[in-house]
Asker: 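Would you mind keeping the following structure in view while I ask a few things?
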Amino acid sequence: MAKNLVVIGTQWGDEGKGKIVDWLTDHAEGVVRFQGGHNAGHTLVIGQGSNQKEYKLNLVPSGIIRKNVDCFIGNGVVLDIEHLLHEIKTLENDGIEVKSRLFVSPGCPLILKHHVALDQAREAKREAKIGTTGKGIGPAYEDKVARRSLRVYDLLNPDSFKKKLLEVMDYHNFVLQHYLKQDPIDVNQQFDLSMTHAEKIKPYLADVSQKLYEANAKNKNLLFEGAQGSLLDIDHGTYPYVTSSNCVSGQAAAGAGVGPHMLHYILGITKAYTTRVGGGPFPSELDIESEGAPGNQMSTKGKEIGTVTKRKRRCGWFDAAALKRSAMINSISGLCITKLDVLDGIKKIEICVGYELDGKKIDLLPLGADQVERCKPILIEVDGWSENTFGVKSWDDLPKNAQQYLKTLEKLCEVPIHVVSTGPERDETIVLKHPFE
Ligand code: GDP
Ligand code: IMO
Ligand code: MG
């Protein structure tokens, strides 16, 4: 019987989902994106030494590098076609066949020029910045929920597309001009651009639900690739400092068009410390600027620079109380702890095990930003290790203190660790229990 895996981020994104999805695709025949858009940045490092190649993917699923894997963009993704075409071209220039292997749901809401303008103008106006990626993600999801989105299949009927576009842009241009004091977006230009996109996207369109269902019927394993992270989830994250989609595992069903019984195993990707890009509360945050300080080591050794916006990621200690919330809302089967190697050489490692909130001690991240902003971290200290763990491939080769650190995390989060990642390359991975077996 086919086995399907959901890979999701358990923190504030950038946990290393791309690396792990790519690593796991030797056991899968299909990879599906089910939410988010090109706000995601998933980095894959393939090969060793001078043959090493880095790929940065935003919309194309991280299965594209392996020849026999089909890639799907499900209805839950908001789609900027211009960006997708650019990404496809970049992959093709690298000699990767995309056309015969990428399938896009006609149900994806489109990201159009006015979404990007609205996103950026609102962010500029906002006092407490969310720090969005400025890609139009939020406004595109708003239109979806408001039932005024233009979806991919609308492109196939130019007359009705134009009619809907005029109506929706009339509304958004009013807001842009009169409320946000911005230039309006030219409707005719947007229409012409969309019609060129229509021709180019046509060959990729497919009924994604049906294809996934058929793949399973033929015993093919599938991987559902989450974007962002559970603490950026629109419902469960540090609202309003979140993204505009559900990033939790349950969304894999709705955003790909499959039933929940098709999700067999949930792998929670978790950094051995914590990072966050953009605004919002972060109880275990550290100073990243002072040379030699642990936060600075995470930032520099971990190369914690955002893939999409090139901003420095904020860094902090591992937050077990936040992980407990993530484990709860995702039904995590096993954790994959990534970037363990980044902590090498830190003498004393701290772990956030709970918070003091309004004079009370709690061990679970509260909902929304307001309470989290008032949380003072309760930290415990454990011994670090001086040995190098970069590239270590077996549990037995890890320093005793690194093993102990992982066991402590496992106990605090109340979820078993099944995989440990010790480097960006596929094989720099320790398997304790293979998620596909
Ligand atoms: P994603 O958004 O969750 O896919 O994560 P990103 O790709 O944005 O960020 C993770 C970064 O860490 C990428 O540059 C990866 O190449 C890198 N990476 C992944 N796993 C490891 C690891 O175990 N060790 C180290 N040193 N780097 C890693
Ligand atoms: P991956 O898939 C980290 C953050 C932004 C901002 C907030 C809202 O690479 O893990 P948006 O543009 O989505 O409206 O921005 O969410 N954000 C991410 N942070 N990793 C991501 O994706 C992110 N996608 C969005 O920085 O704080
Ligand atoms: Mg990323």
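No hydrogens, no waters, no symmetry mates; every other heavy atom, side chains included, goes into these values. Bear in mind that the values here come from a model prediction, so they are computed numbers and not experimental data. Whatever order the structure lists them in is the order used to number ligands and atoms, beginning at 1. Position 1 is the first residue of the sequence; numbering continues from there.
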Asker: Taking both backbone and side-chain atoms of K135, is any N or O found less than 3.5 Å from an N or O belonging to ligand 2?
Answerer: no

Asker: Check each heavy atom of H42 against ligand 1 and say whether those closer than 4.0 Å belong to the side chain, the backbone, both or neither.
Answerer: both

Asker: Which one of V277, L232, T243 has a non-hydrogen atom at the shortest distance from atom 17 (N) of ligand 2?
Answerer: L232

Asker: Number the atoms of ligand 2 from 1 as they appear, then name those within less than 4.0 Å of a heavy atom of G131, with their elements.
Answerer: 5 (C), 6 (C), 26 (O), 27 (O)

Asker: If you take the nearest heavy atom of each of K129, Q228, H38, which one is closest to atom 1 (P) of ligand 2?
Answerer: Q228

Asker: Please confirm whether the backbone N or O of Y265 pairs with a side-chain atom of K3, one donor and one acceptor, at under 3.5 Å?
Answerer: no

Asker: Of all the N, O or S atoms in D14, which has the shortest distance to the Mg ion (ligand 3)?
Answerer: OD1

Asker: Applying a heavy-atom cut-off of 4.0 Å, say which part of E225 lies close to ligand 1: side chain, backbone, both or neither.
Answerer: neither

Asker: Do the charged groups of E97 and K67 touch, with an N to O distance under 4.0 Å?
Answerer: no

Asker: Using distance alone, decide if ligand 2 has a nitrogen or oxygen within less than 3.5 Å of any nitrogen or oxygen in D119.
Answerer: no

Asker: Evaluate N39 for polar contact with ligand 2, using N/O atom pairs at a separation under 3.5 Å.
Answerer: yes

Asker: Using a heavy-atom cut-off of under 4.0 Å, does the side chain or the backbone of I269 touch ligand 1, or both, or neither?
Answerer: neither

Asker: Regarding K407 and E410, does a basic nitrogen lie under 4.0 Å from an acidic carboxylate oxygen?
Answerer: no

